[in-house]
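Reviewing the structure listed below.
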Amino acid sequence: MKVLVVGSGGREHALCRAIANSPLCGALYCAPGNAGIADVATLVPVGSEDVEGLVRFVQDNAIDFVVVGPEGPLVLGLVDRLTALGVKAFGPSAAAAELEGSKGFMKDILAKYGVPTAFYGRFTDAGAAKDYVRKHGAPIVVKADGLAAGKGVTVARTEAEAFAAIDEALVDGRFGAAGAEVVVEEFLDGEEVSFFALCDGENALPLASAQDHKAVGDGDTGPNTGGMGAYSPAPVLTPELEARVMREIIEPTVKGMAAEGRPFKGVLFAGLMIMNTPDGPVPKTLEFNVRFGDPECQTLMTRLKSDALAALVAAADGVLDGIDLRWHEGTALCVVMAAEGYPGDYRKNTEIRGLDAANAVDSVTVYHAGTKRAEDGRVLSVGGRVLGVTALAPTVAEAQAAAYRGVDALDWPEGFCRRDIGWRAVGR
Ligand code: AMP
Ligand code: GLY
């Protein structure tokens, strides 16, 4: 097969590495990719949200299969365009991607199909949203309806904070159209975990659990980021809880989306809160994403033993029931290296050295995110999150130690990372 992967992050580097290892893969392209991806795929200079440009490339080059990494092109309808042209693609249609593209839509689907989640209201009027906050009290959560680059959620400790978040979205227009509606919902207290399942429109195949670290600083301090590190599996999601998540959350959502005429194909990424109740731990849905997590994907692909491309094609073909996935024992752990200043304004075009030394550390793979190769061959940092140093080991403590050995082998003074990735699981 001639395969095109769309995206340029660590997630896409991990997908490209896994796909390149498949005997089904004849030629691999990535648009637009990065310096690390260039080692396994031919880079295509087309942006991930340039739907017309991507469609043209696919047609001109007779691509057989397209794997879409980020949510942007999914919400823009890239998979719909490809499907109409008879090109197979991994990822949901725009109608199914609404599960991530509109939090209000997602909440309505969960309510309609009885999937456990926080109670909520949808509002376009600030006064009505504030009345809802007064009625339920703080803590309470305010979310911009649409895609807001991870900045649209406010966990408000006080009513005043909730009012400010409502005004920012509905009155000041901070998120533009994405914040023209807000969801106000119940605050859920517990431990967060991510769960991933492949879906083919009808069937769902569990992949694995993972936990990421959103805050920029050690001890979960400082502003939120796209994710400073992750590990898989997450021990909080026991096999019993995983079965329950499949039965109560993933399967009813897949059935519900099919019943709505929006069959979900691709990977369903459920953000879950595991709540401690007198009856034991209870999983509830915080959010859905319609793509792999970044950096969670780096840990999943590192653990996957089976042919990733065969599984992605089966999801697109609607034959996931014939797939049985095998995983490496142990834990994969990814430490993200970011550029100084991230998640605020960060430095660009600084040189990264020591990549070969880091990759030579036993069990370590360095996935690239915001990197590019200069004409003179040096690798430069060009993004906020720049590298994902990932290790696979029998225990989470060993995986953590190995990943930090990889980090310490790098020579990049303008980069930084958290030093405590995996602390919850190591503590357990
Ligand atoms: P989301 O983009 O919906 O995942 O929200 C971003 C983050 O906000 C989540 O990862 C949680 O840490 C937090 N969050 C979202 N919804 C809730 C909720 N209902 N209760 C508590 N925390 C929440
Ligand atoms: N790491 C969280 C995400 O990809 O949304």
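Counting starts at 1 for both ligands and their atoms, following the listed order. On a predicted model such as this, the values are computed, not experimentally measured, just so you know. Side-chain atoms are counted along with the backbone in the values below, which use heavy atoms only and exclude waters and symmetry mates. Position 1 is the first residue of the sequence; numbering continues from there.
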The closest protein heavy-atom partner of atom 2 (C) of ligand 2 is D212 OD2, 3.4 Å

Any chance the side chains of Y346 and E340 put a donor and an acceptor closer than 3.5 Å?
-> no

Exercise: do E398 and T395 side chains pair donor with acceptor under 3.5 Å | yes

Flag if over 12 foreign heavy atoms under 6.0 Å of NZ, K348 = no

Ring center gap for F416 and Y342 short of 6.0 angstrom | no

S8 side chain to N34 side chain, donor-acceptor N/O pair below 3.5 angstrom | no

Tabulated below should be the N or O atoms of ligand 1 paired with protein N or O atoms at under 3.5 Å; can you produce that?
residue	atom	partner	partner atom	Å
ligand 1	2 (O)	K103	NZ	3.4
ligand 1	2 (O)	E287	OE1	3.3
ligand 1	3 (O)	K103	NZ	3.4
ligand 1	3 (O)	K143	NZ	3.0
ligand 1	4 (O)	E287	OE1	3.2
ligand 1	4 (O)	E287	OE2	2.8
ligand 1	10 (O)	E192	OE1	2.6
ligand 1	10 (O)	K214	NZ	3.1
ligand 1	12 (O)	E192	OE1	3.4
ligand 1	12 (O)	E192	OE2	2.4
ligand 1	16 (N)	K143	NZ	3.0
ligand 1	16 (N)	E185	OE2	3.4
ligand 1	19 (N)	E185	OE2	2.7
ligand 1	19 (N)	E186	O	2.8
ligand 1	20 (N)	L188	N	2.8

For ligand 2, which part of R291 has a heavy atom less than 4.0 Å away: the side chain, the backbone, both, or neither?
-> side chain

Ligand 2 contacted by G293 (non-hydrogen, < 4.0 Å) = yes

Enumerated ligand 2 atoms positioned under 4.0 Å from heavy atoms of F269 = 3 (C), 4 (O), 5 (O)

Do G226 and ligand 2 have an N or O pair less than 3.5 Å apart?
-> yes

Would you please determine whether R11 falls within less than 4.0 Å of ligand 2 on a heavy-atom basis?
-> no

Distance-only polar pair, side chains of Q211 and E191, donor-acceptor under 3.5 Å | yes

F90 vs F292 aromatic rings, parallel, tilted or perpendicular, using cut-offs 30° and 60°?
-> parallel

Would you call the rings of F196 and F269 parallel, tilted or perpendicular, where under 30° means parallel and over 60° means perpendicular?
-> tilted

Within a radius of less than 6.0 Å around CD of E248, do more than 12 heavy atoms belonging to other residues, nucleotides or ligands occur?
-> yes

